[in-house]
Visitor: 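Provided herewith is a single structure, encoded as structure tokens, for subsequent inquiry.
Because only heavy atoms are used, hydrogens play no part in the values below, and waters and symmetry mates are left out as well, while side chains stay in. This chain uses plain numbering: 1 for the first residue, then up along the sequence.
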Amino acid sequence: MAIRRALISGVVSVLAAVSLVSFTSTGVAHADSQVVYVHSASMNKDIPVKILRAAGDGPAPTLYLLDGLRAPDNDNGWLINTDVEAFFADKRVNVVIPFGGGGTFYSDWERPDPKLGVVRWETFLTKELPAVMAASYGSDGVNNAIAGLSMSGTSALNLATHRPDLYKAVASYSGYPTASSPGFAQGIQVSVAQMGGNPLNMWGLWPSGSWLRNDPLLNVGALRGKAVYISSGAGSPTSDPTVNPASSKFDAVKFAQMVPLETAAGLSSQLFVPALRAAGVNPTVRITADGTHWWNYWQARLHESWFSTIGPALGA
């Protein structure tokens, strides 16, 4: 019991640290992109969405790319911190990048929340938005993939298990696919609370309510036949001098913000991979020693997952 309590306390602490991460803009422009406002009837509001149009003419596959815990309402961390626009400029795929959703785990909540309102992101992402993409923005409606980092790495896997008919590929970068496990569940609850939401309104009282439905580990069989990419770092501080206490470049604040989170993601992802294989899924796995829970790492993994997993699955 003492070991279990220590695990729970440790994971809660490291996942809670995600609230300290901030964003800085890169100012990248894309000639074939636009921000559109897509109405969500389920949430009764308009959602800004950046659409990077596929190169070439005619219907094309679509990749839905989700943000992390502190997703801003007027931008997206992929656009702010990575080369996503330049990278996909010559690719035969629509890339759909919604704004907002911070602290929601991009799920359908059990109850409205005083701070976050009516949360029906799963409905928006799996029903409302794909219909608009197919009707107006060149999606072929058949070849879809979804990917996310940290909070939304968990979300991407959940959405793919809930709607295996919709997605052909899914990628999780530094996600937490053991969502209902002791320690990880409590860390998720703390993270939601730090964004102003009441975690009881999200998936109910742990471990009942919607917790089991929203745990990729417990629904891994639904990914059979899908292209799956799982990546994380193991949290080694020696992977970057700025998070290495033995280095003259050591940054204690950066260490506290990044290393524990990536360590937890590494533990969760490494528990998830054997379950995938036992269920008959053959994932592409990239578990490295990296210790930083940050965008340069996720940018590299996005590139890698596109060429190894997502692009081939979409025929792009």
Visitor: Count I, L, V, M, F, W, Y as connected when their side-chain heavy atoms are under 4.5 Å apart, and connections chain through other members. Are Leu79 and Val35 then in the same cluster?
Guide: yes
Visitor: For the atom pair CG (Asp75) and NZ (Lys50), what is the distance rounded to the nearest 0.5 Å?
Guide: 7.5 Å
Visitor: On a heavy-atom basis, which atom in Gly103 and which in Leu116 lie closest, and how many Å separate them?
Guide: O-CD1, 4.2 Å
Visitor: Knowing that exactly one of Ser152, Ser107, Pro98 qualifies, which makes a side-chain contact (heavy atoms from CB on, under 4.5 Å) with Trp121?
Guide: Pro98
Visitor: Which atom pair, heavy atoms only, marks the closest approach of His293 to Ser150?
Guide: NE2-OG, 2.8 Å
Visitor: Between Leu218 and Leu267, is there a shared hydrophobic cluster once you connect ILVMFWY residues whose side-chain heavy atoms come closer than 4.5 Å?
Guide: no
Visitor: Roughly how far apart are Tyr137 OH and Ser139 OG, rounded to 0.5 Å?
Guide: 12.5 Å
Visitor: Does any part of the side chain of Thr62, heavy atoms only, come nearer than 4.5 Å to the side chain of Val95, both counted from C-beta?
Guide: no
Visitor: Hey, does the side chain of Glu110 reach the backbone of Gly209 with a donor-acceptor pair shorter than 3.5 angstrom?
Guide: no
Visitor: What residues, two or more places apart in sequence or in another chain, satisfy salt bridge (charged side-chain N to carboxylate O under 4.0 Å, His left out) together with Arg163?
Guide: Asp165
Visitor: Between Trp211 and Gly204 (side chain of the first, backbone of the second, donor and acceptor by atom type, cut-off under 3.5 Å), is there such a pair?
Guide: yes
Visitor: Checking Ser174 against Ser232 for the side-chain hydrogen bond (donor to acceptor under 3.5 Å, both in side chains) test, could you report, in this order, the C-alpha distance in whole Å, the side-chain angles of both residues, the deciding distance, and whether it holds?
Guide: CA-CA 4 Å; Ser174 303; Ser232 73; 5.9 Å; no
Visitor: In terms of hydrophobic clusters joined by side-chain contacts under 4.5 Å, are Val281 and Leu271 together?
Guide: no
Visitor: Assess whether atom CG of Asn282 is packed by more than 12 heavy atoms of other residues, nucleotides or ligands within 6.0 Å.
Guide: no
Visitor: Report the C-alpha separation of His162 and Asn219 in whole Å, then their side-chain angles, then the decisive distance to 0.1 Å, and conclude whether the side-chain hydrogen bond (donor to acceptor under 3.5 Å, both in side chains) test is met.
Guide: CA-CA 8 Å; His162 298 167; Asn219 300 285; 5.4 Å; no
Visitor: Quick check against the 3.5 Å criterion: does Gln186 have a side-chain atom that pairs as donor or acceptor with the backbone of Gly183?
Guide: yes
Visitor: Restricting to salt bridge (charged side-chain N to carboxylate O under 4.0 Å, His left out), what partner residues turn up for Glu122, sequence neighbours left out?
Guide: Arg213
Visitor: Tell me if a side-chain donor or acceptor on Ser136 pairs with a main-chain N or O of Met133 at a distance below 3.5 Å.
Guide: no
Visitor: So which atom in Leu125 and which in Tyr167 form the shortest heavy-atom distance, rounded to 0.1 Å?
Guide: O-OH, 3.9 Å
Visitor: Indicate yes or no for a side-chain donor-acceptor contact from Lys226 to the backbone of Pro164 under 3.5 Å, with no hydrogens or angles considered.
Guide: yes
Visitor: Within this structure, what is the NE2-OG distance for the pair His303 and Ser308, rounded to the nearest 0.5 Å?
Guide: 12.5 Å
Visitor: Please confirm whether Trp306 and Phe88 have ring centers closer than 6.0 angstrom.
Guide: yes
Visitor: Would you kindly confirm whether Leu129 and Val36 end up in one hydrophobic cluster when ILVMFWY residues are joined by side chain heavy atoms under 4.5 Å apart?
Guide: yes
Visitor: Would Val96 and Leu166 show up in the same hydrophobic cluster when neighbours are defined by side-chain heavy atoms closer than 4.5 Å?
Guide: yes
Visitor: Going by the angle between their ring planes, with limits at 30° and 60°, are Phe184 and Tyr176 parallel, tilted or perpendicular?
Guide: tilted
Visitor: Distance check, rounded to the nearest 0.5 Å: Leu159 atom CG versus Ile146 atom CD1?
Guide: 4.5 Å
Visitor: Taking all heavy atoms of Pro199 and all of Gln189, pick out the closest pair and write down the distance.
Guide: CG-O, 3.7 Å
Visitor: Can you tell me if Ser305 uses its side chain to pair, donor with acceptor, with the backbone of Ala171 under 3.5 Å?
Guide: no
Visitor: Are the side chain of Asp215 and the backbone of Ser180 linked by a donor-acceptor contact shorter than 3.5 Å?
Guide: yes
Visitor: For Leu157 versus Pro177, what's the shortest heavy-atom pair and its separation?
Guide: CD1-CB, 3.7 Å
Visitor: Ring of Phe87, cation from Lys91 - is the NZ or CZ under 6.0 Å from the centre and inside 45° of the axis?
Guide: yes
Visitor: side-chain hydrogen bond (donor to acceptor under 3.5 Å, both in side chains), that's the test. Do Asp290 and Thr292 meet it? Break it down for me.
Guide: CA-CA 6 Å; Asp290 291 82; Thr292 54; 5.1 Å; no
Visitor: If you round to the nearest 0.5 Å, how far is CZ of Arg286 from OG of Ser231?
Guide: 9.0 Å
Visitor: Does the Asp67 side chain pair with the main chain of Gly100, one donor and one acceptor, at a distance under 3.5 Å?
Guide: no
Visitor: Check for me whether the distance between the ring centres of Trp298 and Trp78 falls short of 6.0 Å.
Guide: no
Visitor: What closest approach, in Å, do Thr104 and Trp109 show between heavy atoms, and which atom pair accounts for it?
Guide: O-NE1, 3.0 Å
Visitor: Any luck finding a side-chain donor-acceptor pair between Thr123 and Glu128 under 3.5 Å?
Guide: no
Visitor: Quick check: does any side chain N or O of Ser33 sit under 3.5 Å from a backbone N or O of Leu52, one acting as donor and the other as acceptor?
Guide: no
Visitor: Output yes when a side-chain donor or acceptor of Gln299 lies under 3.5 Å from a complementary backbone atom of Val84, and no otherwise.
Guide: no
Visitor: Roughly how far apart are Ile188 CD1 and Phe105 CZ, rounded to 0.5 Å?
Guide: 4.5 Å
Visitor: Among residues at least two apart in sequence or on other chains, which ones pass salt bridge (charged side-chain N to carboxylate O under 4.0 Å, His left out) with Asp57?
Guide: none
